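Since this is a predicted model, take the numbers as computed values, not measurements. Proteins get letters first, then strands, A, B, ... in listed order; numbering begins at 1 in each. Note: hydrogens, waters and symmetry copies are ignored here, and every other heavy atom, side chains too, is used.
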Amino acid sequence: MGDDLTLFLENFIKKEPIFDDKKALQSNYTPINVPYRNKQIQQIAGIFAPALRLEKPSNLFIYGKTGTGKTVSVKHTTNTIMEIANRNNLPLKVIYINCKLKRVADTEYRLVAQLAYEFGKDVPATGLPTDEVYKIFLKVLDSEKKVVILILDEIDQLVNKVGDGILYNLTRINSELKNSQISIIGISNDLMFADNIDPRVKSSLSEEELVFPPYNAIQLQKILRERAKIAFRGGVVAEGVIEKCAAYAAREHGDARRALELLRVAGEIAERKNENNLLVEHIDEAEEKIERDRVLDIITTQPKQFKLTLYSILTTCSDSKGDKQIFTGDVYEVYKDACAKTGVKPLTQRRVSDIIAELDMLGIISARVISKGRYGRTKEISLAIHPSILPKTSEALKEGLNL
DNA sequence: CGAGATTCATGTGAAGTATACCTTTAGGCTTAA
DNA sequence: AAGCCTAAAGGTATACTTCACATGAATCTCGTA
C-alpha cells in the first residue's frame with residue numbers, strides 16, 4: 001500500500017505535467033490583453049485617465065451579463081493606471097469590492113465598513129450608527145489628498161436587497177471631501193438595473209455608461225486558445241477541446257468565465273488521472289464537477305436555517321416523485337419536523353418564505369409565485385440542481401445538520 | 001352561459017422585538033506624591 | 001489627586017417575529033338570454 005503511494009507520487013513527478021502555468025486559467029487572473037474588448041478598455045481608460053492628473057474621473061456604470069469581461073476589463077485598466085501612478089508617485093487608490101459577498105458587503109453598513117477597512121480602519125461588525133461609519137470612512141479618505149476609484153461589482157444585488165438610498169449616499173460623498181476625490185464604477189449584471197433606481201441617483205452615478213455584449217462562440221474560442229497557450233504545455237490539449245468549451249459557454253449566453261473554469265477544471269481532472277493529454281471527455285466530467293463544487297460551496301457556507309430550509313425542500317421534492325410541484329406550505333411542514341429532529345428553534349413561515357426567496361437568488365432552487373385560484377396563492381418551488389449531484393448535495397446537507 | 005363576487009393559501013410590507021455589540025460615562029479602586 | 005478598570009446606560013445593526021393587508025385565478029352565484 002505504501003509502495004502504491006510512493007509509486008503514484010514518483011510517477012507524478014516523472015510525468016510531463018499537463019499545466020505549464022495554471023494561473024492563466026484562474027478566475028482572478030488578469031490577462032495582458034483582453035481580446036475583443038479593446039474598444040471598451042479604451043473608453044474606460046479615457047474616462048479614468050484624468051485620475052493621473054489628479055482630477056476626478058467621471059462616475060461610470062457598466063452593464064453586461066456574467067462573464068462578458070466587465071471585471072477583467074476594469075481591473076486591467078485600473079491595474080495599468082495604478083502602475084503608472086506608482087511609478088510617478090501619484091496618490092491614487094483603487095478599491096475593488098464585490099457587493100455580493102455575504103457578510104462582507106451585502107448591507108449599507110457592511111459596505112461602508114468594508115471601505116473603511118480598505119483604508120486600514122477596522123470597524124466593528126455591529127453597534128455603530130451607520131453615519132458614524134460613514135464619518136470614519138470619510139475621515140481616513142480625506143486625511144490626505146488623493147484620488148480614489150471605487151469599483152462596486154455586482155452592485156445590482158446590493159441595491160436589490162437594501163434599496164437605492166445607499167447609492168445616493170455614495171454619490172454625495174464627494175461634496176463632503178476637501179482633499180480627496182472619489183469616483184465610482186458600478187458594475188451590474190442586470191441590464192435592466194438602471195430602470196429601477198432613483199433618476200437623480202442614476203444621472204449622477206452614470207455620468208458615463210458602457211455596455212458589454214456577450215461573446216460569441218468564435219470569440220470564446222480565441223480567448224480560450226490564448227489562455228490555454230499560457231496555461232498548458234504545448235500539444236497537450238486534444239483536438240476539439242477548445243471548441244467544446246466554447247460551445248458550452250456560448251450556450252450560457254457567452255460566459256467566458258465559465259468557459260475558462262471549465263478548461264481549468266478539465267485540466268485538473270486530466271492531471272489527477274495521470275493522463276498525458278487533455279481530452280474531450282474530461283470536459284464533461286469537469287462540467288459536472290464545477291456544478292457540484294458550486295452547489296456544495298453555496299450549501300456549506302449558508303447559515304443553519306438556510307441549510308434546514310434547503311434540506312426540507314430537498315426531501316419534499318424527492319417525496320413527491322410524480323408531481324414536480326411543491327409549495328411553501330409543504331416545505332414548511334417538513335421544515336418544522338426537521339427543526340424538531342435537530343433541536344433547532346423553528347422560524348416563522350414568514351421568514352422561511354424569505355429564505356426560500358434568497359435560495360432562489362442563489363440559483364440553487366427556482367421559486368416563482370403562482371396563484372392556484374380557489375386554492376390560494378403560493379410559491380412553486382423546484383430544484384435547480386442537476387439530478388446527478390443530488391445525492392452528494394443531500395449528503396452534505398445532512399452532515400452540516402448532524403442528521 | 002357569462003360577468004362579477006368569493007375564496008383560499010400564502011405573498012408581502014411595515015413595525016416591533018431580541019440579541020449582540022459599540023461608545024460613553026460615572027463610579028470605585030489603586031497608586032504615587 | 002491622577003490613573004486605570006469596570007459596569008451600567010444609552011445607542012445601533014441585524015435577524016427574526018407579529019400583524020395586517022394584498023393577490024389573483026379557480027370556483028361559485030346569480031341574473032339573463
Side-chain angles (χ1 to χ4, degrees), chain A residues 97-140 157-170 196-198 298-313 316-317 319-320 323-340 342-362 365-382 400-401:
Chain A
I97 289 184
N98 188 328
C99 301
K100 194 180 62 177
L101 293 179
K102 208 161 186 174
R103 311 208 146 262
V104 174
D106 60 346
T107 67
E108 177 164 20
Y109 179 94
R110 300 213 257 244
L111 173 63
V112 184
Q114 184 64 26
L115 288 176
Y117 175 77
E118 296 284 335
F119 279 91
K121 285 275 181 191
D122 251 328
V123 174
T126 171
L128 259 52
T130 305
D131 45 340
E132 193 62 34
V133 184
Y134 265 108
K135 274 186 207 150
I136 294 174
F137 171 57
L138 282 172
K139 207 172 145 202
V140 247
Q157 305 254 346
L158 178 61
V159 172
N160 250 325
K161 211 173 149 190
V162 299
D164 54 6
I166 184 173
L167 295 182
Y168 180 72
N169 288 337
L170 284 175
N196 308 322
I197 57 176
D198 189 324
I298 290 175
I299 287 175
T300 45
T301 53
Q302 288 312 306
K304 197 161 205 158
Q305 294 290 2
F306 283 63
K307 287 184 191 167
L308 262 166
T309 313
L310 186 58
Y311 170 77
S312 310
I313 294 170
T316 319
C317 262
D319 282 354
S320 65
D323 52 302
K324 289 237 172 221
Q325 317 222 308
I326 67 162
F327 307 113
T328 309
D330 311 336
V331 173
Y332 189 62
E333 288 305 312
V334 179
Y335 165 81
K336 274 194 294 191
D337 281 356
C339 278
T342 48
V344 175
K345 193 164 155 259
L347 301 177
T348 45
Q349 185 159 338
R350 176 73 185 80
R351 178 62 185 150
V352 171
S353 175
D354 279 350
I355 292 179
I356 290 175
E358 284 190 51
L359 288 172
D360 178 46
M361 289 271 281
L362 288 167
I365 63 174
S366 81
R368 99 200 139 89
V369 184
I370 56 159
S371 177
K372 294 188 292 162
R374 183 76 171 65
Y375 304 104
R377 196 167 188 267
T378 183
K379 277 203 188 89
E380 188 185 69
I381 304 162
S382 59
L401 296 165

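The span of DNA chain B lying next to chain A, judged by atoms under 4.0 Å from heavy atoms, is bounded 5' to 3' by B:dT7 to B:dT23. Protein chain A contacts DNA chain C from C:dG11 to C:dT27, reading 5' to 3' and using non-hydrogen atoms of the protein with a distance under 4.0 Å.
Contact check for A:Ile355 versus A:Leu347: side-chain heavy atoms found under the 4.5 Å cut-off. By the 4.5 Å heavy-atom criterion applied to side chains, A:Val334 and A:Tyr311 are not counted as neighbours. The closest side-chain heavy-atom distance from A:Gln302 to A:Leu362 is below 4.5 Å. Annotation: side chain of A:Ser366 is in contact with side chain of A:Asp360 (closest heavy-atom distance under 4.5 Å).
Using a 3.5 Å distance cut-off with no hydrogens or angles, the side chains of A:Tyr335 and A:Gln305 do pair a donor with an acceptor.
Between A:Tyr375 and A:Arg350, the one whose closest nucleotide on DNA chain B sits nearer the 5' end is A:Tyr375.
Shown here are the salt bridge (charged side-chain N to carboxylate O under 4.0 Å, His left out) partners of A:Asp106, two or more places apart in sequence or in another chain: A:Arg110, A:Lys161. Partners of A:Phe119 by side-chain contact (heavy atoms from CB on, under 4.5 Å), not counting sequence neighbours, listed by chain and number: A:Lys93, A:Ile95, A:Phe137, A:Val140, A:Leu141, A:Lys146, A:Val148. In this view, A:Asn169 and A:Glu108, A:Tyr134 satisfy the side-chain contact (heavy atoms from CB on, under 4.5 Å) rule, not counting sequence neighbours. Shown here are the side-chain hydrogen bond (donor to acceptor under 3.5 Å, both in side chains) partners of A:Tyr332, two or more places apart in sequence or in another chain: there are none. A:Asp337 is linked by a side-chain contact (heavy atoms from CB on, under 4.5 Å) to nothing, counting only residues two or more places apart in sequence or in another chain. In this view, A:Ser353 and A:Lys379 satisfy the side-chain hydrogen bond (donor to acceptor under 3.5 Å, both in side chains) rule, not counting sequence neighbours. Residues passing the side-chain contact (heavy atoms from CB on, under 4.5 Å) test with A:Thr348 are A:Arg350, A:Arg351, sequence neighbours excluded.
Annotation: proximity of residues 328-339 of chain A to DNA chain B (heavy atom, distance under 4.0 Å) is found for A:Thr328, A:Gly329, numbered in ascending order. Residues of residues 110-126 of chain A that place a heavy atom closer than 4.0 Å to DNA chain C, in numerical order, are A:Arg110, A:Thr126. Heavy-atom distances under 4.0 Å link DNA chain C to A:Gln305 of residues 298-307 of chain A, given in residue order.
Going from atom CD1 of A:Ile326 over to atom CD1 of A:Ile313 covers 6.0 Å, rounded to the nearest 0.5 Å.
No more than 12 heavy atoms of other residues, nucleotides or ligands sit less than 6.0 Å from atom NZ of A:Lys139.
Each of A:Val159, A:Leu158, A:Asp198 was compared with A:Leu167 under the side-chain contact (heavy atoms from CB on, under 4.5 Å) criterion, and only A:Val159 meets it.
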